[in-house]
Number of protein chains: 2
Amino acid sequence: MHTIPESNIKDAAQGLRAIAHELRLGVLCHLLNGPMCVNELIEATGASQSNLSQHLSKMRLMGIINNEKRGQQVYYEIANPEFFNLVHVLKQIYCPEMCQAVTEAEH
Amino acid sequence: MHTIPESNIKDAAQGLRAIAHELRLGVLCHLLNGPMCVNELIEATGASQSNLSQHLSKMRLMGIINNEKRGQQVYYEIANPEFFNLVHVLKQIYCPEMCQAVTEAEH
DNA sequence: TACATAAATTAGAACTTGATAATATAATGT
DNA sequence: ACATTATATTATCAAGTTCTAATTTATGTA
């Protein structure tokens, strides 16, 4: 069966909501390259400290990312390697111009 | 590069929002088995007519599904086959109990 | 100890989303 | 033409989300 059972739909929808935001999805993409601390993410995204912190908190509560304190900094990283695949699929859907070569090769 | 370029992040986040809801994700999953008309989806999901219609409308505007009128009925179907892959990844993440066998075989 | 830096928390306003109920439109059968 | 069935639209209200500004907590350092 190629579907999500009813019992898990709620969790999956909640998980999607956790990344269904420009800034949060941007953070997820940055973290694909490895762990980053909050200041680095502020730099990378241009978000305000408070705003970013709140989004990171939400992503952490939703199980998208984990954090680890190293001295004065808090480093965030992707919690589940499946998110690499998720981003890959999103790229297929929303960056068609980047994926045309592959798509054409399949025909 | 395994990431979504900034220029497409907004679209991707918006697309995610279009399915980041229990009912809409449920509809998407039902449509994986083929086109369905509104009444069938009402049956399948238990949603009210008006509510479902509004969610279908949103998913259509966001490019997740297409519709086609056949006589008195309107049939909806998935707009992009990549959504099969998206659901597959979601299953890996949010239905771990269903995927354990595969995961263990990989070790 | 006092100060600086990193990050989290809180409160509140503005905006968005989702559900319901009521109404409208469109196709079909009598 | 009239009733019936299928779907869409509109208005409204409650609930949820997001941003900003201010405050707090924790860590490292002079």
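Naming convention: chains lettered A, B, ... in sequence-line order (proteins, then strands); numbering from 1 in each chain. If you're wondering where the values come from, they're calculated on a predicted model, not measured in any experiment.
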Using atom [atom1] of [X] as one end and atom [atom2] of [N] as the other, report the distance to the nearest whole Å.
X: B:Ile42; N: D:dT7; atom1: CD1; atom2: C1'; value: 8 Å
X: B:Leu56; N: D:dA6; atom1: CG; atom2: P; value: 15 Å
X: B:Glu68; N: D:dT7; atom1: CD; atom2: C1'; value: 15 Å
X: B:Leu41; N: D:dA6; atom1: CG; atom2: P; value: 14 Å
X: A:Asn51; N: C:dA8; atom1: CG; atom2: C1'; value: 13 Å
X: B:Arg17; N: D:dT17; atom1: CZ; atom2: C1'; value: 10 Å
X: B:Glu43; N: D:dA6; atom1: CD; atom2: C1'; value: 14 Å
X: A:Asn67; N: C:dA6; atom1: CG; atom2: P; value: 17 Å

Assigning hydrophobic clusters by single linkage (Ile, Leu, Val, Met, Phe, Trp, Tyr; side-chain heavy-atom cutoff under 4.5 Å), is A:Phe84 placed with B:Val87? yes
Would you list the protein and nucleotides 10-14 of chain D atom pairs, both N or O, that sit under 3.5 Å from each other?
{"residue": "D:dT10", "atom": "O4", "partner": "B:Gln54", "partner atom": "NE2", "Å": "3.4"}

So which heavy atom on [X] is nearest to which on [Y], and how close?
X: A:Leu16; Y: B:Ile19; answer: CD1-O, 3.7 Å
X: A:Ile9; Y: B:Leu25; answer: O-CD2, 3.9 Å
X: B:Ile64; Y: B:Gly15; answer: CD1-O, 4.0 Å
X: B:Cys29; Y: A:Thr3; answer: CB-OG1, 3.0 Å

Look at the side-chain N and O atoms of [X] and state whether any lies under 4.0 Å from the OP1 or OP2 oxygen of [N].
X: A:Asn39; N: C:dA7; result: yes
X: A:His55; N: D:dT17; result: no
X: B:Lys58; N: C:dG18; result: yes

Ring centres under 6.0 angstrom apart (B:His2, A:His88): no
B:Asp11 and B:Gln14: side chain donor to acceptor below 3.5 Å: no
Walk me through it: do B:Asn85 and B:Glu82 pass the test side-chain hydrogen bond (donor to acceptor under 3.5 Å, both in side chains)? CA-CA 5 Å; B:Asn85 297 328; B:Glu82 284 293 334; 3.0 Å; yes
Can you identify which nucleotide, out of D:dC19, D:dT18, C:dA8, has its nearest atom closest to the A:Val38 side chain? C:dA8
When you get a sec, tell me which of C:dA8, D:dG28, D:dT7 is the closest nucleotide to the side chain of A:Val74? C:dA8
Give one of base, sugar-phosphate or nothing for A:Tyr76, where a contact means two heavy atoms less than 4.0 Å apart. sugar-phosphate
Report which part of the nucleic acid A:Gln73 touches: base, sugar-phosphate, or nothing (heavy-atom distance under 4.0 Å, all strands). sugar-phosphate
Residues, nucleotides or ligands: over 12 heavy atoms within 6.0 Å of A:Glu6 CD: no
side-chain contact (heavy atoms from CB on, under 4.5 Å) assessment of B:Leu31 paired with B:Met36: CA-CA 7 Å; B:Leu31 294 180; B:Met36 291 173 79; 3.9 Å; yes
Taking N and O atoms by type only, does the side chain of A:Gln72 place a donor or acceptor under 3.5 Å from a partner on the base of C:dA7? no
Note: contacts of residues 21-30 of chain B with DNA chain C (heavy atom, under 4.0 Å) are B:His21, B:Arg24
Closer to the 5' end of DNA chain D via nearest nucleotide, is it A:Ser48 or A:Arg70? A:Ser48
